[in-house]
Amino acid sequence: MTQTRARADAGNPLAGFKVGREPYFRAIGNEVELYEAAYRTRMPVMLKGPTGCGKTRFVEHMAWKLNRPLITISCHEDMTASDLVGRYLLDAGGTVWHDGPLTLAVRHGAICYLDEIVEARQDTTVVIHSLTDDRRMLPLEKKNEVVQAHPDFQIVISYNPGYQSVLKDLKESTKQRFGAIGFSYPSPEIEAEIVMREAGVDRRAADTLVCIAKRSRNLKGQGLDEGASTRMLINAGLLIAGGIPIAEACQVAMVVPITDDPDLRDALTGAIAACI
Ligand code: ADP
């Protein structure tokens, strides 16, 4: 986790959301330039791609590069609009309004990253509509206030097209408000570089993990929803760096978490054996 919540600074409500050190991000294409162009116009951005392929790391890196605070919200189906915009809470002095994370970002000018937005219910996600067109404002109905977005505010969402279902998808009217930057698994060369850097393994181990990942990804649609992500390779690499033999590390990080099907486990075990 590279986003550090520093000690609260009474003068600046976003002080805790500054990205302190440069988060390592290995660009794959021109995603950095595309994002910078989008941020210049404060265009809402959708980071689109499978899980564990670098979307969160990318937004952390960009927030650092643009020197903007980053507020990350992990979306889930029980999330309500109040969880985003805020609510009145009772304290010793009576009821006091507390800005939610979205309002905080809108008011003070952070990048607000809604991770896995499709997990939230559609009646929750509509609160972002007035922020994602030229009105750039957020109505706080319970407080009877309309917050005009700070000039530096930008909204970013992540979206995994593989998880779409009729029940869980973004409304067309929501999708159309975003510019989308596509993410996918890096080339073997680059992925090995990332695994070496993040897990601290040597080239040979990284190449082996990438080879297994390729075979695992080929099983997508044949019982696997998704193959091994870069995140899983890094987890396997961390175990290897910690002294666990490679075959066992791969079972722990790349096989057991993703399937209980004996045939698929055999297929993945075969892929591991073929690459070692
Ligand atoms: P996502 O948000 O797409 O689910 P993450 O950004 O959390 O995935 O990526 C998972 C991990 O994979 C990161 O913590 C990072 O270690 C690594 N990673 C993936 N892609 C990259 C990249 N291009 N550069 C650096 N690290 C990466």
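We number each residue from 1, following the sequence as shown. The structure displayed is predicted, hence computed values, not measured ones. All values below come from the heavy atoms of this structure, side chains included, with hydrogens, waters and symmetry mates left out. Counting convention: from 1, in listed order, for ligands and their atoms alike.
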> So, does Asp83 use its side chain to make a donor-acceptor pair with the main chain of Thr80 at under 3.5 Å?
Replying inline: yes
>> Is it the case that ligand 1 has an N or O less than 3.5 angstrom from some N or O of Gly54?
In response: yes
>> Whether the side chain of His61 engages the backbone of Pro23 through a donor-acceptor N/O pair (distance < 3.5 Å, no angle test) should be reported.
In response: yes
> For Glu116 and Ser74, does a side-chain donor sit closer than 3.5 Å to a side-chain acceptor?
Replying inline: no
>> Please classify the Tyr24 to ligand 1 contact at 4.0 Å (heavy-atom distances, strictly less than): side chain, backbone, both or neither.
In response: both
> Any side-chain donor paired with an acceptor under 3.5 Å for Thr269 and Asp266?
Replying inline: no
>> Tell me whether Thr132 contacts the main-chain N or O of Pro44 through its side chain, where contact means a donor paired with an acceptor under 3.5 Å.
In response: no
> Tell me: protein heavy atom nearest atom 2 (O) of ligand 1, and distance?
Replying inline: Thr56 OG1, 2.6 Å
>> Quick test: of every protein heavy atom, which one is nearest to atom 23 (N) of ligand 1, and how far off is it to 0.1 Å?
In response: Arg26 O, 2.9 Å
> Hey, is ligand 1 close enough to Thr230 that some N/O pair sits below 3.5 Å?
Replying inline: no
> For Asn144, does the CG atom have more than 12 heavy-atom neighbours from other residues, nucleotides or ligands under 6.0 Å away?
Replying inline: no
> For ligand 1, which atoms, with element, lie under 4.0 Å from some heavy atom of Phe25?
Replying inline: 22 (C), 23 (N), 24 (N), 25 (C)
> Short list, please: which atoms of ligand 1 are under 4.0 Å from a heavy atom of Thr51?
Replying inline: 4 (O)
>> Tell me whether Arg136 contacts the main-chain N or O of His150 through its side chain, where contact means a donor paired with an acceptor under 3.5 Å.
In response: yes
>> Below 4.0 Å, non-hydrogen atoms only: which portion of Ile194 touches ligand 1? Side chain, backbone, both or neither.
In response: side chain
> What protein heavy atom is closest to atom 14 (O) of ligand 1, reported as residue, atom name and distance in Å?
Replying inline: Arg57 NH2, 3.3 Å
>> Between Asp115 and Ser158, do the side chains contain a donor N or O and an acceptor N or O under 3.5 Å apart?
In response: yes
> For atom 7 (O) of ligand 1, which protein heavy atom lies nearest, and how many Å away is it?
Replying inline: Arg231 NH2, 2.9 Å
> Among Arg40, Arg107, Arg42, which one satisfies salt bridge (Lys or Arg N to Asp or Glu O under 4.0 Å) with Asp152?
Replying inline: Arg42
>> So does Pro50 get a backbone contact from the side chain of Lys55, meaning a donor-acceptor N/O pair under 3.5 Å?
In response: yes
>> Would Gly52 count as a polar contact of ligand 1, with the cut-off being nitrogen or oxygen pairs under 3.5 Å?
In response: yes
> Among protein heavy atoms, which sits nearest to atom 12 (O) of ligand 1, and what does the distance come to when rounded to 0.1 Å?
Replying inline: Ile234 CD1, 3.5 Å
> Relative to ligand 1, is Glu198 under 4.0 angstrom through side chain, backbone, both or neither, heavy atoms considered?
Replying inline: side chain
>> So, 4.0 Å and heavy atoms of Ser158: is ligand 1 close enough to count as a contact?
In response: no
> Given that the side chain starts at C-beta and the backbone is N, CA, C, O, which of these parts of Asp115 lies under 4.0 Å from ligand 1, counting heavy atoms, or is it both or neither?
Replying inline: neither
